[in-house]
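Let me begin by presenting the structure, written as structure tokens, before commenting on it.
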Number of protein chains: 2
Amino acid sequence: MSLRDIARLAGVSVKTVSNVVNGYAHVSPETRAKVEKVLAELDYRPNLSARNLRRGRTGVIALALPELDAPYFAELSRFVIDAAAEHRWLVVIEQTDGDLDRERRVLDGVRDHRVDGVILTPFAIGAEELAARTDDTALVLLGERIHDGPADHVAIDNVRAARDVTEHLIGLGRTRIAALGAQDNSASGTAPLRLAGYRQALAEHGLPETVAKVERYHRAEGAAAMAGLLALDPRPDAVFCFNDLLALGAMRTILAAGLRVPEDVALAGLDDIEDGRYSTPTLTTVAPDKAELARIAVDLLRQRIDGRPGQPPREARAGYRLVPRESTLGR
Amino acid sequence: MSLRDIARLAGVSVKTVSNVVNGYAHVSPETRAKVEKVLAELDYRPNLSARNLRRGRTGVIALALPELDAPYFAELSRFVIDAAAEHRWLVVIEQTDGDLDRERRVLDGVRDHRVDGVILTPFAIGAEELAARTDDTALVLLGERIHDGPADHVAIDNVRAARDVTEHLIGLGRTRIAALGAQDNSASGTAPLRLAGYRQALAEHGLPETVAKVERYHRAEGAAAMAGLLALDPRPDAVFCFNDLLALGAMRTILAAGLRVPEDVALAGLDDIEDGRYSTPTLTTVAPDKAELARIAVDLLRQRIDGRPGQPPREARAGYRLVPRESTLGR
DNA sequence: GCGACTGTTTACAACGTTGAAACAACGTTG
DNA sequence: CAACGTTGTTTCAACGTTGTAAACAGTCGC
């Protein structure tokens with residue numbers, strides 16, 4: 001069931017069948033009908049391996065992220081897959097676990113001609129290394145800012161989002177507002193950006209900072225870091241967690257300590273994962289427009305792949321919304 | 001940077017280079033060294049499109065599931081990707097949304113020679129249709145039982161797992177135990193199996209049944225269905241939810257109604273998603289061995305792809321554990 | 001000194017597709 | 001009516017790889 005088989009049965013050349021399959025204009029109606037009949041009868045499907053070899057494209061892109069089972073990434077992946085499907089691309093998912101070697105290997109995948117391009121959420125890999133790449137991999141960075149990027153990049157405005165959340169907490173009348181989620185192990189810049197936004201807001205209102213660090217953005221670390229914050233005297237009356245998972249872990253610690261959210265400690269996160277809509281209390285958060293992030297990322301990648309090499313990198317921004325819920329209800 | 005280039009520079013034939021690249025035994029040490037030097041210098045990477053065309057394999061498998069952003073599926077995907085990586089397979093993820101047409105299209109993908117095989121978590125597609133497939137797609141069904149399966153299948157023992165949970169609830173002294181999660185729209189059989197296990201346990205102890213139906217296994221539906229159960233008189237004193245998401249939705253409803261978990265209503269789920277470990281209270285559940293499920297699925301698929309066609313379908317079982325947590329603590 | 005064997009290397013064809021170019025048949029134009 | 005353009009179709013080569021078979025050199029046994 002290759003073009004040859006169809007051609008033989010329809011009594012035309014292989015190339016004519018190819019022309020019909022590809023919708024080439026100059027094929028006579030009779031020939032087209034004849035060929036299409038045979039195509040339908042045999043339920044012909046082009047061999048995409050062969051087509052790819054000939055065209056130099058695979059029709060597959062890679063989406064590389066630290067961990068698929070973090071809800072934020074799972075939700076984002078869904079949108080990326082949907083956006084890619086509109087360009088008839090398949091998406092292979094690669095998990096890096098935030099590991100430098102695995103991030104490097106993903107970038108190498110392109111050279112194997114297995115994928116046409118990569119959407120990467122970097123964690124460990126640094127700007128210098130990305131800038132030093134010699135190959136002309138089509139690459140889009142998603143969600144984590146690497147400043148003065150060596151590649152196309154799309155994210156929300158993390159500084160402003162963090163400032164908005166912090167101001168929301170200040171607006172509740174809280175004065176001892178902690179930040180939970182600073183990092184010093186990541187080469188990528190999300191945590192510093194969110195920290196900067198938090199600091200801006202506090203500085204504007206003359207309030208003191210309290211910063212808790214974590215290694216990874218998981219519930220367990222949020223829970224542990226929160227225990228540390230509760231041990232402070234005086235303890236914080238509000239906490240801005242740098243993502244929702246941290247916030248949900250923190251919430252667990254607060255409630256288990258017999259304190260109330262938001263009465264004793266108001267709590268806000270960032271990501272708008274579904275869990276936060278069903279926790280008790282529900283979680284105030286910042287909702288990045290994930291569909292837009294995905295659409296822009298795929299679109300930048302498409303332009304990279306189709307366009308001429310050597311174009312300068314582009315920065316794009318997706319929108320976000322502050323979503324107040326029960327965890328920061330006013331008294 | 002194709003084999004030809006290497007061959008020219010090393011002064012040998014293309015096939016000899018190919019032999020070196022593929023580790024063919026009968027190559028003289030000197031030739032091998034010479035070729036490998038050039039390979040390293042040019043950082044040669046085989047063109048996998050060409051190799052695939054020649055070998056008739058793509059090295060890519062598809063994992064098709066209803067929704068990637070349901071935590072259970074996200075967690076499972078991670079294990080499938082890891083297991084596939086051990087066979088040097090890439091995994092493309094396809095989302096079916098439980099939609100019949102999309103499930104069909106996934107099965108078609110194999111015929112495009114884009115993937116070597118498919119791991120499918122079916123929702124809408126029925127046993128008859130799968131049995132009626134004409135192509136010899138390598139296919140493994142994961143997690144949802146289609147009885148007398150027309151394809152390889154791996155899952156946990158859903159009936160026993162459901163019975164274990166129900167007996168755990170009975171063991172707490174509860175007598176009005178409801179099931180939440182029956183379905184009548186799904187062609188696949190998980191819900192009926194879990195319902196059967198629930199009924200077995202109740203029947204053995206002579207307790208009455210209460211069954212709440214849902215369409216999809218989401219928090220929102222769990223929350224809504226739980227509201228219905230709370231309106232009953234007398235209301236249930238324990239609920240077995242057919243998955244953790246339903247249970248978390250239900251928990252939200254119970255707590256919002258001013259009732260306590262587990263004192264007023266004990267609650268158990270199934271899946272062991274991470275959220276349940278951090279909810280307040282933490283959620284009792286059944287933990288399927290997801291790594292084992294994934295490993296078996298990938299292994300069955302590998303045997304399908306490598307083996308002769310026409311082998312009879314195989315059934316495999318993965319293990320599970322009951323994980324009691326706060327939501328079913330004894331009084 | 002001859003055939004058989006082993007080890008090493010090569011030429012060739014093929015996987016299925018498509019771009020470039022060639023070609024035939026036809027109508028239009030000067 | 002010759003030159004030209006258009007339409008429809010075909011031939012050819014190539015994408016980069018690998019299986020098959022064959023060529024070649026050297027060694028062994030008799």
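This structure is a prediction, so every number in the text was calculated from the model and none was measured. Throughout, protein chains are lettered first and strands after them, A, B, ... in sequence-line order, and every chain is numbered starting at 1.
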Are B/Asp101 and B/Arg105 ion-paired here, with the side-chain N under 4.0 Å from a carboxylate O?
no

Would you mind checking if A/Arg78 and B/Asp97 are paired as a salt bridge, meaning a charged N to carboxylate O distance below 4.0 Å?
yes

Should stems be defined as at least three consecutive Watson-Crick or G-U pairs with both distances under 3.5 angstrom, which of them involve DNA chain C?
C:1-30 with D:1-30

So what does A/Thr16 touch, heavy atoms closer than 4.0 Å: a base, only the sugar-phosphate, or nothing?
base

Pick base, sugar-phosphate or nothing for B/Asn22, based on heavy-atom distances below 4.0 Å to the nucleic acid.
sugar-phosphate

Donor-acceptor pair, [X] side chain versus [Y] backbone, under 3.5 Å?
X	Y	value
B/Gln311	B/Arg304	no
A/Ser49	B/Ser49	no
B/Asp289	B/Gly319	no

What is the first contacted nucleotide of DNA chain D and what is the last, in 5' to 3' order, if contact means an atom lying under 4.0 angstrom from a heavy atom of chain A?
D/dT7 to D/dG16

Donor on one side chain, acceptor on other, B/Thr58 and B/Asp116, under 3.5 Å
yes

Pick the nucleotide of DNA chain C nearest each of A/Arg4 and A/Asn19; which residue has the one closer to the 5' end?
A/Arg4

Heavy-atom nearest nucleotide on DNA chain C taken for B/Val27 and for B/Ala50; more 5' hit belongs to B/Val27

Out of A/Val12, A/Leu9, A/Thr31, which one pairs with A/Val17 under the side-chain contact (heavy atoms from CB on, under 4.5 Å) rule?
A/Val12

What integer distance in Å separates [X]:[atom1] from [N]:[atom2]?
X	N	atom1	atom2	result
A/Tyr44	C/dT18	OH	C1'	11 Å
B/Tyr24	C/dT6	OH	P	13 Å
B/Lys15	C/dT10	NZ	P	12 Å

Return whichever of B/Val14 or A/Thr31 has its heavy-atom-nearest nucleotide of DNA chain D closer to the 5' end.
A/Thr31

Does C/dT17 have OP1 or OP2 sitting under 4.0 Å from an N or O in the side chain of A/Ser18?
no

Distance check: side-chain N/O of A/Arg54 vs OP1/OP2 of C/dG19, anything under 4.0 Å?
no

Parallel, tilted or perpendicular: which fits the ring planes of A/His26 and A/Tyr24, with parallel below 30° and perpendicular above 60°?
perpendicular

Can you measure from CG (A/Leu3) to CG (A/Asn19) and round to the nearest 0.5 angstrom?
10.0 Å

